[in-house]
There are 2 protein chains.
Amino acid sequence: MPEFDDVDRQLLRMLREDGRCTFSEMAPEVGLSVAAVKRRVDRLKDTGVIKGFTVQIDHTKLGWGIEAFVELSYTGTTPVGEIVRTCYTVPEVQAVFTIAGDPDALVHVRVRDIEHLQQVIDGLRRVGQVTGTKTLMVLGSWTRTA
Amino acid sequence: MPEFDDVDRQLLRMLREDGRCTFSEMAPEVGLSVAAVKRRVDRLKDTGVIKGFTVQIDHTKLGWGIEAFVELSYTGTTPVGEIVRTCYTVPEVQAVFTIAGDPDALVHVRVRDIEHLQQVIDGLRRVGQVTGTKTLMVLGSWTRTA
DNA sequence: GTTGAAATAGATTCTTC
DNA sequence: GAAGAATCTATTTCAAC
């Protein structure tokens, strides 16, 4: 990453708040022309700073109201790559974080109800050499800019 | 949420993979007309299923290479709303999850380096009635569809 | 639910400074 | 680096089915 200035930061902030924000909307905000804004956003994509765009979904509205983090501990011989692989095949898993120390992984899951959560946790325990789990039930959440 | 069918699910899946996917791109995929796709996406926005759109950023490219989860425990008298409020004023905090049981909150932070992480954790400890913290350093991560 | 057409707006490219 | 104009593409609305 060579130069990266306040204008770039401003553009990223605007795109974080609205990923479909147009060049014409951003241009006056940063005091540049539409063409100049396009060149900057293109450069952010080319350099990989912008990985892509996505939609923000309210999962409770879809009936997937329960969110939890599952801490997983594995036997010492389990390679990290296998931990991730055994987790992301489970459709309820939203994200997997491999961790230094204890636990070995933190898995973010989203489920319809408690019974469903129980099934998902059982599924995670079964695959691989899991030695223990601890489930953190999410009561509420706040995410930056969402 | 009244009716919500496979076409809607397909549209959400496509928008998750590319939030800037156009109606004209989605229409042939789901076998509907452009106008019909627009009506469905508009309905998903109106009903709140679609909360918004955002950009996916590679923070390592911006020099914020370290990611961690901090488990926070509070005194019994601390209201949940205050926990969230004291956390999201810290700019390094990406997300706050309030938890049922122990710990009371799980905080996702993103920092430049270890020294910076130390400062952020110290900052989180200072505000509110924090009785203990445990930090999970993220070695690697996988997120659905990202 | 569909099609097609028309109007608007945004993206993109090119030439200019 | 930047602006402005021309072109193309997509969105949006509408009428009719």
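The figures that follow rest on heavy atoms only: side chains count, while hydrogens, waters and symmetry mates do not.
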| So, are B:D122 and B:R126 salt-bridged, with charged N and O less than 4.0 Å apart? | no
| said: I want to verify a distance call: between D:dT12, C:dT3, D:dA3, whose nearest atom is closest to the A:A35 side chain? | reply: D:dA3
| Once you round it to whole Å, what is the distance between P of D:dT9 and CZ of B:F23? | 19 Å
| said: Nearest to the B:S24 side chain among D:dT11, D:dA2, C:dG10, which nucleotide is it? | reply: D:dT11
| query | To the nearest Å, how far apart are A:D42 CG and C:dT12 P? | reply | 7 Å
| Rounded to the Å, how far apart are B:D5 CG and C:dG1 P? | 7 Å
| query | C:dT8 P sits how many Å from A:E25 CD, rounded? | reply | 19 Å
| said: Taking CD in A:E17 as the centre, count heavy atoms belonging to other residues, nucleotides or ligands within less than 6.0 Å. Is the count above 12? | reply: yes
| message | Counting distance alone, no hydrogens or angles: does the base of D:dA2 have a donor or acceptor under 3.5 Å from a partner atom on the side chain of A:R39? | response | yes
| remark: Which of C:dG1, D:dT12, C:dT12 is nearest the side chain of B:K38? It is D:dT12
| Counting side-chain heavy atoms from CB outward, which of D:dA3, C:dT2, C:dA11 is closest to A:S33? | D:dA3
| said: Are more than 12 heavy atoms, taken from residues, nucleotides or ligands other than A:E25, located less than 6.0 Å from that residue's CD atom? | reply: yes
| A:L32 or A:R20: which one's nearest nucleotide on DNA chain D is closer to the 5' end? | A:L32
| Nearest-Å distance for atom pair CZ/C1', residues B:R40 and D:dT12 | 19 Å
| task | State whether a side-chain donor-acceptor pair under 3.5 Å links B:Q10 with B:D6. | result | no
| message | The side chain of B:V34 is closest to which nucleotide in this list: C:dG1, D:dT12, D:dA10? | response | D:dT12
| message | Without decimals, in angstroms, what is the distance between B:D18 CG and D:dA10 C1'? | response | 14 Å
